[in-house]
Amino acid sequence: MLNKKMTDALNGQINKEIFSAYLYLSMSAYSSFIGLKGFANWFMVQYHEEMEHAMKIYNYIDEQGEQVKLMAIEQPPTEFVSALDMFEKTLEHEKFITKSIHDLVDLAIEEKDHATNIFLQWFVTEQIEEEGNDNDIIAKLKLVGEGGNGLFMIDRELESRVYTPPAKDSED
Ligand code: FEO
């Protein structure tokens, strides 16, 4: 059972996850446009993962017998300075999402909503991985500097990332 406060907060998180998807789709488009196809692939995989996060929450609200309410999605930025700029913005955004997830956990504890608290633990762990991935790529980009062979090598590496859709059971 979800109370109204928790339902509203989870609906708000769906909006943030879909905005994340939109932001990374925009970064994918920009990367492809400037010829960084590996970066474009990495951000496209990230787009799919964010939609998966949104749907996890969507399915949870629905299963609990409450109504999913979709809201307007803000326009993402469309211009970026460099590959490093995109990843610094990605990390900054993920820190904002981490804070939002932690606020949801705090609310679940306050509301004595044990089921939602357990449900959210997956997201707490996922955020550690997301920030870790971004930090790794930022470190590499700083190491090689902008442009040249180093950037090309990182682009090749990011081309190998593959999106694995969740198994049906873990989707909800
Ligand atoms: Fe769904 Fe990147 O947080």
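Counting convention: from 1, in listed order, for ligands and their atoms alike. Bear in mind the structure is a predicted one, so any value in this text is a computation, not a measurement.
Between Arg161 and Glu49 there is a salt bridge, with a side-chain nitrogen of the basic residue lying less than 4.0 Å from a carboxylate oxygen of the acidic one.
When rounded to 10 degrees, the angle formed at atom 1 (Fe) of ligand 1 by OE1 (Glu50) and ND1 (His53) equals 90°.
Under the side chain to side chain contact (heavy atoms under 4.5 Å, CB included) rule, Phe43 has a single partner from Thr90, Leu25, Leu23, which is Thr90.
Outside the 6.0 Å centre-distance limit, the rings of Phe87 and Phe80 are not counted as a close aromatic pair.
The nearest N, O or S atom of Glu130 is not closer to atom 1 (Fe) of ligand 1 than 2.8 Å. Not one N/O/S atom of Glu49, from backbone or side chain, sits under 2.8 Å from atom 2 (Fe) of ligand 1.
In terms of distance to atom 1 (Fe) of ligand 1, the nearest N, O or S atom of Glu17 is named OE1.
Side-chain contact check for Tyr60 and Thr116: at least one donor-acceptor pair (N or O, by modelled atom type) lies under 3.5 Å.
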